[in-house]
Amino acid sequence: QVQLVESGGGSVQAGGSLRLSCEAVGYFYSSYSMAWFRQAPGTERGGVEAIEGGGRTSHRDSVKGRFTVSRDNTKNTLYLQMDNLKPEDTAMYYCAADYQYRAGFEPDDYKFWGQGTQVTVSS
C-alpha cells in the first residue's frame with residue numbers, strides 16, 4: 001500500500017518561491033502517475049500539475065510558467081517548484097498518485113493521497 005507524505009509548505013510573500021516534496025512510501029513504481037492538487041477554503045479541489053509515468057506533464061493555465069512538477073524516481077519523490085507565487089495560490093496542497101500510467105487532472109483519477117501541506121502567500 002502506498003503512503004504519501006508532503007512537506008515544504010509555508011508562508012511567503014508574493015513573488016517568493018517554495019518547493020513542495022511528496023515522498024511515496026511502500027509499494028510504488030515509477031510508472032505510477034502523480035499529481036499536485038490544491039484546495040482553498042470554500043473552493044473545490046483542483047489539479048495544479050500532473051506528471052505521467054513516462055514524464056509528460058500537464059498544468060492548469062494559472063500556474064503556467066511559474067510552477068514546475070518533477071519526480072525523482074530514485075527517491076520515489078514528487079516535487080512542485082513554485083516560483084513567482086501569488087496570493088491566489090494560497091491553498092492546501094495535496095500530493096496524489098495512482099496505478100494508471102496516464103495522469104488525469106481530476107481528483108477521482110487518483111487513489112492515493114497525502115495529508116496536505118499549507119501554502120500561504122501574502123500580498
Side-chain angles (χ1 to χ4, degrees):
Q1 200 66 226
V2 177
Q3 300 286 344
L4 303 177
V5 182
E6 301 107 328
S7 62
S11 298
V12 298
Q13 291 186 298
S17 298
L18 287 172
R19 188 174 79 156
L20 306 184
S21 298
C22 170
E23 183 180 6
V25 180
Y27 293 107
F28 189 82
Y29 300 91
S30 61
S31 60
Y32 287 9
S33 60
M34 301 188 76
W36 288 99
F37 286 77
R38 68 186 184 187
Q39 185 171 19
T43 70
E44 298 292 325
R45 183 170 53 186
V48 180
E49 292 268 7
I51 184 166
E52 299 181 353
R56 187 170 71 92
T57 62
S58 59
H59 53 261
R60 63 165 55 208
D61 290 341
S62 63
V63 306
K64 183 179 181 180
R66 300 189 299 117
F67 291 11
T68 303
V69 66
S70 62
R71 62 197 296 172
D72 184 344
N73 291 329
T74 66
K75 299 180 179 180
N76 288 336
T77 300
L78 179 74
Y79 300 99
L80 182 65
Q81 178 66 45
M82 304 185 293
D83 297 319
N84 192 24
L85 283 160
K86 302 177 179 180
E88 52 263 44
D89 295 319
T90 295
M92 184 73 74
Y93 283 71
Y94 298 91
C95 175
D98 199 84
Y99 301 115
Q100 298 180 114
Y101 177 83
R102 176 172 293 189
F105 221 68
E106 298 293 334
D108 288 345
D109 294 326
Y110 296 88
K111 178 179 178 64
F112 305 106
W113 293 85
Q115 79 286 352
T117 185
Q118 179 68 39
V119 172
T120 301
V121 185
S122 60
S123 300

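Note that the structure is a prediction, hence the values are computed from the model and not measured.
Here the shortest heavy-atom pairing between Y101 and G54 reads OH-CA, 2.9 Å. Considering every non-hydrogen atom in both A50 and G104, the closest pair reads CB-O, 3.8 Å. The shortest heavy-atom contact between V119 and L20 is CG2-CD2, 4.0 Å. Across all their heavy atoms, A97 and M34 have their closest contact at CB-CG, 4.1 Å. For A24 against V2, the heavy-atom pair with the smallest separation is CB-CG1, 4.3 Å. Heavy-atom minimum distance, L4 versus C22: CB-SG, 3.9 Å.
Taking NZ from K111 and CD from Q100, the interatomic distance works out to 11.5 Å, rounded to the nearest 0.5 Å. Taken to the nearest 0.5 Å, the CD atom of E6 stands 12.0 Å off from the CD atom of Q118. Summarising the geometry, atom OG1 belonging to T68 is positioned 6.5 Å from atom CD belonging to E49; distances are rounded to the nearest 0.5 Å. The OH atom of Y99 lies 15.0 Å from the OH atom of Y110; values are rounded to the nearest 0.5 Å. Note that the CZ atom of F37 and the CZ atom of R60 stand 9.5 Å from one another [nearest 0.5 Å]. Atoms CG and CZ, on L18 and F67 in that order, are 9.0 Å from each other to the nearest 0.5 Å.
Within 6.0 Å of the CD atom in Q13, the count of heavy atoms belonging to other residues, nucleotides or ligands does not exceed 12. Atom CD of E88 sits in a crowded spot, with more than 12 heavy atoms from other residues, nucleotides or ligands closer than 6.0 Å.
Looking only at distances, no side-chain donor or acceptor of T57 sits under 3.5 Å from a matching main-chain atom of I51.
Sequence neighbours left out, the pairs with a member in residues 14-39 that pass side chain to side chain donor-acceptor pair (under 3.5 Å) are S17-D83, R38-D89, R38-Y93.
Tested against R66 for a side chain to side chain contact (heavy atoms under 4.5 Å, CB included), the candidates H59, M82, Q81, K86 yield a single pass: K86.
You'll find the side chain of V63 reaches within 4.5 Å of the side chain of V48, heavy atoms only. Side-chain contact between V69 and L78 is present, with heavy atoms from C-beta onward closer than 4.5 Å.
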